[in-house]
Protein chains: 2
Amino acid sequence: MAIRHAILGLLHYRSMHGYRIKTQIEQYFGHVWSINFGQIYPNLKSLLDEGLIDMTEENQAGMRGPSRKLYSITDKGREAFAEWIRKPPEKNMILRDPFLMRFVFFGFGEKERALEIIDDQIRLYEKQLALRKERYKKLKDREIHVRLISELGIELNEAFTAWLKRARKELHRNGKGDRGRK
Amino acid sequence: MAIRHAILGLLHYRSMHGYRIKTQIEQYFGHVWSINFGQIYPNLKSLLDEGLIDMTEENQAGMRGPSRKLYSITDKGREAFAEWIRKPPEKNMILRDPFLMRFVFFGFGEKERALEIIDDQIRLYEKQLALRKERYKKLKDREIHVRLISELGIELNEAFTAWLKRARKELHRNGKGDRGRK
DNA sequence: CCTCTCATGTAAGACGTTACATGATTCA
DNA sequence: TGAATCATGTAACGTCTTACATGAGAGG
């Protein structure tokens with residue numbers, strides 16, 4: 001249900017069409033959430049059906065450009081959103097990283113290969129970090145909450161990277177002294 | 001597909017029954033993954049059908065205790081697992097926290113209420129952190145990868161907590177100087 | 001006696017991802 | 001001319017969560 005509320009939240013800033021909502025969600029909290037078109041349009045439809053948002057078609061006959069539908073929030077939508085934002089803290093966060101799941105079992109694989117994979121992953125984390133810092137420059141003068149979330153994204157990314165580098169060192173050291181042992 | 005591999009990975013340590021697999025997954029990487037019974041048993045069934053694991057019923061007639069089914073990994077299962085562990089890094093991690101999603105929009109809600117929710121959340125993070133540190137004591141002499149993942153969990157938890165405390169301070173300060181402004 | 005933990009399983013539904021289909025505009 | 005981006009949408013499939021049903025043993 002969170003995506004529905006994210007949409008309502010975004011429409012507080014201004015009216016938007018579906019495509020824009022997706023790119024905004026990526027920018028605003030791509031750090032802590034992800035979304036795809038397969039969710040956006042069906043959700044817009046149901047929000048519309050429930051009267052939480054309004055829609056106006058943007059192309060008068062003869063206009064160029066693909067058909068666009070402008071969505072805006074209704075009073076009912078504002079109420080639903082306000083209720084959601086007031087709620088007490090709920091369920092825990094979900095952190096799911098297929099790499100970490102494999103990492104736990106690297107002891108059962110080949111050590112050399114494991115180190116290779118870790119190196120690749122470090123590069124990946126670093127690339128991601130660079131991207132986040134790049135984005136942060138553009139975001140840092142925006143709304144305070146958006147900026148703070150962006151900072152969290154960077155700090156978590158840094159924590160991941162630092163941890164993995166340390167882990168690599170430990171495993172490498174371990175691999176050297178431990179040859180043959182089980 | 002990751003859960004299937006996690007099961008195969010765990011069965012490398014020793015044969016287990018379904019219930020145990022769940023508790024072990026929670027202990028070993030509850031930091032980075034979660035699981036429920038609704039997934040365990042169907043997955044065990046399909047792994048069995050595909051010959052990746054074996055099963056032996058544990059209760060001879062007359063034995064006490066609930067019926068248990070001991071699962072063990074087959075050679076085919078070992079191969080499938082080895083292949084998985086060798087693969088190059090794949091899709092990005094997913095971090096999803098309903099609280100953070102709401103946080104981004106706290107600017108549209110009441111400031112006082114937002115601070116309350118943040119305080120609750122800080123307490124929640126701290127409770128979680130204490131629990132993780134407690135578990136770590138028992139885990140720290142286990143297999144190196146398990147220990148490292150547990151350390152990551154703690155470090156991330158610390159990063160979250162520190163960030164949220166800082167964010168609270170900033171928002172509080174902001175709220176004071178900013179009254180009435182939009 | 002009651003509650004907790006151990007133990008196995010199913011079903012319904014919510015949620016998310018991927019792939020497909022379509023088509024215009026912009027820029028190199 | 002071709003690629004990238006903007007734009008809307010559907011269908012199929014996978015995955016995850018929640019709730020339900022059942023029952024034994026252990027410990028207070």
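The figures here come from the full heavy-atom set of this structure, side chains too, leaving out hydrogens, waters and symmetry mates. Convention: sequence-line order gives letters A, B, ...; per-chain numbering from 1.
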**Student:** Report the relative orientation of the aromatic rings in Phe106(A) and Phe103(A); use parallel for angles under 30°, tilted for 30 to 60°, perpendicular for over 60°.
**Tutor:**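 Phe106(A) vs Phe103(A) ring planes: tilted.
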**Student:** Dump the pairs, protein N or O against N or O of nucleotides 11-13 of chain C, anything under 3.5 Å, distances to one decimal.
**Tutor:**
none

**Student:** Applying ring pair (Phe, Tyr, Trp, His ring centres under 6.0 Å), name anything that partners Tyr71(B), two or more places apart in sequence or on another chain.
**Tutor:**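 Per chain and number, Tyr71(B) pairs via ring pair (Phe, Tyr, Trp, His ring centres under 6.0 Å) with no residue.
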**Student:** For Lys138(A), what residues pass the salt bridge (Lys or Arg N to Asp or Glu O under 4.0 Å) criterion, not counting sequence neighbours?
**Tutor:**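 For Lys138(A) there are no salt bridge (Lys or Arg N to Asp or Glu O under 4.0 Å) partners, ignoring immediate neighbours.
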**Student:** Send over the distance from Ile35(B) CD1 to dT18(D) P, rounded to a whole Å.
**Tutor:**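 So the CD1-P distance, Ile35(B) to dT18(D), works out to 14 Å.
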**Student:** My understanding is that only residues two or more places apart in sequence, or in another chain, count here; which of them pass ring pair (Phe, Tyr, Trp, His ring centres under 6.0 Å) with Phe105(B)?
**Tutor:**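 Ring pair (Phe, Tyr, Trp, His ring centres under 6.0 Å) check on Phe105(B) returns Phe29(A), Phe81(A).
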**Student:** CG of Asn43(B) versus P of dT10(C): gap in Å, rounded?
**Tutor:**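 Going from CG in Asn43(B) over to P in dT10(C) covers 12 Å.
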**Student:** Closest to the Lys69(B) side chain: dT17(D), dT17(C), dT8(C)?
**Tutor:**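 Comparing dT17(D), dT17(C), dT8(C) against the side chain of Lys69(B), the answer is dT8(C).
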**Student:** Taking only side-chain N and O atoms of Asn36(B), does any of them lie within less than 4.0 angstrom of OP1 or OP2 on dT17(D)?
**Tutor:**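 Yes, Asn36(B) has a side-chain N/O under 4.0 Å of OP1/OP2 on dT17(D).
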**Student:** Would one find a side-chain N or O of Gln39(A) under 4.0 angstrom from OP1 or OP2 of dC15(C)?
**Tutor:**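 Looking at the OP1 and OP2 atoms of dC15(C), neither is under 4.0 Å from any side-chain N or O of Gln39(A).
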**Student:** With salt bridge (Lys or Arg N to Asp or Glu O under 4.0 Å) as the rule and sequence neighbours excluded, what pairs involving residues 35-50 of chain A come up?
**Tutor:**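 Matches after skipping sequence neighbours: Arg4(A)-Glu50(A).
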**Student:** What residues in residues 4-24 of chain A put a non-hydrogen atom under 4.0 Å from any atom of DNA chain D?
**Tutor:**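 Under 4.0 Å from DNA chain D: His17(A), Gly18(A), Tyr19(A).
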**Student:** State which of dT17(C), dT8(D), dT8(C) makes the closest approach to the side chain of Ser34(A).
**Tutor:**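 When the side chain of Ser34(A) is considered, dT17(C) is the closest of dT17(C), dT8(D), dT8(C).
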**Student:** Using atom CZ of Arg96(A) as one end and atom C1' of dC15(C) as the other, report the distance to the nearest whole Å.
**Tutor:**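 For the pair Arg96(A) CZ and dC15(C) C1', the rounded distance is 12 Å.
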**Student:** Tell me every residue that passes salt bridge (Lys or Arg N to Asp or Glu O under 4.0 Å) with Arg147(B), counting only those two or more places apart in sequence or in another chain.
**Tutor:**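 Once residues adjacent in sequence are excluded, the partners of Arg147(B) under the salt bridge (Lys or Arg N to Asp or Glu O under 4.0 Å) criterion are Glu170(A), Glu151(B).
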**Student:** For the side chain of Tyr41(A), counting heavy atoms from C-beta on, which of dT10(C), dT8(D), dT17(C) is nearest?
**Tutor:**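 Selected nucleotide (nearest to the side chain): dT8(D).
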**Student:** Please enumerate all residues that pass ring pair (Phe, Tyr, Trp, His ring centres under 6.0 Å) together with Phe160(A), with sequence neighbours excluded.
**Tutor:**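 Once residues adjacent in sequence are excluded, the partners of Phe160(A) under the ring pair (Phe, Tyr, Trp, His ring centres under 6.0 Å) criterion are Tyr125(A).
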**Student:** Determine whether the aromatic ring centres of residues Tyr28(A) and Tyr13(A) are separated by less than 6.0 angstrom.
**Tutor:**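 Distance test on ring centres: under 6.0 Å, yes.
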**Student:** Would you kindly give the CD1-to-P distance between Ile40(A) and dG16(C), to the nearest whole Å?
**Tutor:**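 After rounding, the reported distance stands at 11 Å.
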**Student:** Nearest-nucleotide wise, let me know which of Trp33(A) and Tyr71(B) is further upstream toward the 5' end of DNA chain C.
**Tutor:**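 The residue whose closest nucleotide sits nearer the 5' end is Tyr71(B).
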**Student:** May I ask you to say what Ile3(A) touches in the nucleic acid, namely base, sugar-phosphate or nothing, with a heavy-atom cut-off under 4.0 Å?
**Tutor:**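 Sugar-phosphate: the residue Ile3(A), judged by heavy atoms under 4.0 Å, touches backbone atoms but no base.
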**Student:** Tell me: CZ of Phe37(A) to C1' of dA11(D), nearest whole Å?
**Tutor:**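 Answer to the nearest Å: 17 Å.
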**Student:** Taking salt bridge (Lys or Arg N to Asp or Glu O under 4.0 Å) as the definition, give me every residue that meets it alongside Glu126(B), ordered by chain and number, with sequence neighbours left out.
**Tutor:**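 So Glu126(B) forms a salt bridge (Lys or Arg N to Asp or Glu O under 4.0 Å) with Lys165(B).
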